[in-house]
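What follows is a set of notes on a single structure, which appears directly below.
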Amino acid sequence: MRIQQHRRYLMCRPEHFTVSYRINPWMEPATPTDTDRALSQWQALYDTYLDLGHEVELIDPVPGLPDMVYTANGGFVIDGRALGVRFRVDERRGEEQPFMDWFAADGLEVVRPQAVQEGEGDFLLVGQAILGGSGFRSSPDSHREIAEVFGREVVSLTLVDPRFYHLDTAIAVLDPVEGPGGVDRANIAYLPSAFDAASQRLLAERYPDAVRVSDADGAVFGLNAASDGYNVFVSPRATGFAAQLQERGYNPVAVDLSELLLGGGGIKCCTLELRGAR
Ligand code: ARG
């Protein structure tokens, strides 16, 4: 039995979306992008969330910050507290302050970060713990920092494949539900080959029921998925993953963000979860 949970998300309309620099292997500045197409695909994701009863907040896009559509990199929010981000790459540092300003205006307590980290791109809340990614963008120091800021266990994982440079490209959180009596029923899906051997062992021990996704589904960004505990918003190209989800009682909802993949982002990248009521 799967339980749909209410979600409050932050998104950013890709009005200024383009690929003008290359900070991950998916980005090819020489290949033209179609901003109108990005906008209509993004709109379909936005409408899908609303149709299913979720709340979506919007942050104003800033000209000259084409990656701002990937709001997952804007922060990490739990219990009314928002940790801001510090991007590794200069191209995105202009996004840091607008996101912190948005959190403050929303009434969240804002914590300005010290260490380099890219928000929910590399930090995922699973049950009571935070999974933290490093290897490409967020620094190991940021794992210690976020553990202190939120007073939670942080499980550090190392990414090794440059195509999967953020943790949310290699792990999807399917079910953050806490079972009765504090039993952690949280579950994830992941792409084993995106991690080093130690991280693979850790994931296998900690999440024996996890969905292990094939390299083929990983390569089409299938793991960059959002879930409300029942509906899993996933790329239509990740057909094997969708079948695995269905077998386990989830409802895969296909949303095509192929234009945004030209920037190296997908469904989860465009979705920041705001946890804790306003
Ligand atoms: N072009 C962006 C970057 O490389 C894409 C970010 C994708 N976001 C994510 N949460 N994985 O920073």
Side-chain angles (χ1 to χ4, degrees), residues 9-31 33 35 38 41-42 45 59 61-62 64-77 83-96 98-99 116-125 130-139 142 146 157 159-173 188-191 194-195 213 218-227 233-235 238 255 257-274:
Y9 292 136
L10 177 63
M11 295 179 70
C12 179
R13 217 176 279 285
E15 277 167 33
H16 309 293
F17 174 74
T18 188
V19 175
S20 52
Y21 48 80
R22 181 179 163 96
I23 55 174
N24 68 56
W26 304 85
M27 300 174 87
E28 299 286 356
T31 305
T33 50
T35 306
Q41 291 182 342
W42 179 94
L45 178 63
I59 181 170
V62 177
L65 297 175
D67 276 339
M68 200 168 164
V69 59
Y70 306 115
T71 52
N73 299 123
F76 188 81
V77 183
L83 176 63
V85 296
R86 267 199 67 184
F87 284 98
R88 174 161 303 277
V89 290
D90 285 343
E91 288 87 343
R92 296 195 66 183
R93 294 212 57 193
E95 299 175 41
E96 295 168 3
F99 276 106
V116 167
Q117 49 84 3
E118 301 193 351
E120 220 173 47
D122 273 324
F123 293 118
L124 299 170
L125 183 68
I130 297 172
L131 304 188
S134 69
F136 296 100
R137 298 290 186 86
S138 298
S139 65
S142 71
I146 200 170
L157 301 165
L159 295 161
V160 293
D161 181 333
R163 288 174 302 160
F164 308 108
Y165 57 93
H166 276 142
L167 192 62
D168 71 357
T169 67
I171 293 184
V173 183
I188 61 168
Y190 69 101
L191 177 66
F195 296 94
V213 173
V220 292
F221 241 53
L223 281 153
N224 197 246
S227 171
F233 308 94
V234 63
S235 162
V255 183
L257 293 189
S258 58
E259 195 63 26
L260 290 154
L261 187 54
L262 300 177
I267 293 168
K268 178 64 194 73
C269 300
C270 295
T271 309
L272 176 68
E273 194 171 340
L274 302 167

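Just follow the structure's listing: the first ligand is 1, and inside any ligand the first atom is 1. No hydrogens, no waters, no symmetry mates; every other heavy atom, side chains included, goes into these values. Worth saying up front: this structure is predicted, and the values here are computed from it rather than measured.
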Whether [X] side chain and [Y] backbone form a donor-acceptor pair below 3.5 Å:
X: D122; Y: H166; answer: no
X: E96; Y: F87; answer: yes
X: E259; Y: Q41; answer: no
X: E95; Y: L65; answer: no

I want to check something: taking the side chain as every heavy atom from C-beta on, are I171 and F195 in contact at a cut-off of under 4.5 Å? yes

Close-contact set for ligand 1 against [X] heavy atoms, below 4.0 Å:
X: G263; answer: 1 (N), 2 (C), 5 (C)
X: D67; answer: 1 (N), 2 (C), 3 (C)
X: G121; answer: 10 (N)
X: M27; answer: 1 (N)
X: G264; answer: 5 (C), 7 (C)
X: A72; answer: 10 (N)
X: H166; answer: 7 (C), 8 (N), 9 (C), 10 (N), 11 (N)
X: I23; answer: 3 (C), 4 (O), 12 (O)

Please state whether R137 comes within less than 4.0 angstrom of ligand 1, counting heavy atoms only.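 Contact present.
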
Contact between ligand 1 and W26 is defined here as a heavy atom of the residue under 4.0 Å from a ligand atom; is it met?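 No, W26 has no heavy atom closer than 4.0 Å to ligand 1.
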
Below 3.5 Å, N or O to N or O, backbone or side chain included: is there any such pair between [X] and ligand 1?
X: N24; value: yes
X: D168; value: yes
X: N73; value: yes

Nearest 0.5 Å, what's the [atom1]-[atom2] distance between [X] and [Y]?
X: N24; Y: D67; atom1: CG; atom2: CG; answer: 8.0 Å
X: F233; Y: I267; atom1: CZ; atom2: CD1; answer: 8.5 Å
X: K268; Y: L124; atom1: NZ; atom2: CG; answer: 7.0 Å
X: E118; Y: R88; atom1: CD; atom2: CZ; answer: 7.5 Å

Which segment of F87 sits under 4.0 Å of ligand 1 when only heavy atoms are counted: neither

Quick one: look at E118 and ligand 1, take heavy-atom pairs under 4.0 Å, and tell me if it's side chain, backbone, both or neither.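 The answer is neither; E118 stays 4.0 Å or more away.
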
Among all the protein's non-hydrogen atoms, which is closest to atom 9 (C) of ligand 1, and how far away is it? C269 SG, 2.8 Å

Can you pull out the closest protein heavy atom to atom 12 (O) of ligand 1? Residue, atom name and distance to 0.1 Å, please.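 Protein heavy atom with the smallest distance to atom 12 (O) of ligand 1: R92 NH1, 2.7 Å.
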
Might you work through the side chain to side chain contact (heavy atoms under 4.5 Å, CB included) test for E273 and L125, ending with a clear yes or no? CA-CA 10 Å; E273 194 171 340; L125 183 68; over 6 Å; no

Given ring pair (Phe, Tyr, Trp, His ring centres under 6.0 Å), test W42 with F17 step by step and report yes or no. CA-CA 11 Å; W42 179 94; F17 174 74; over 10 Å; no

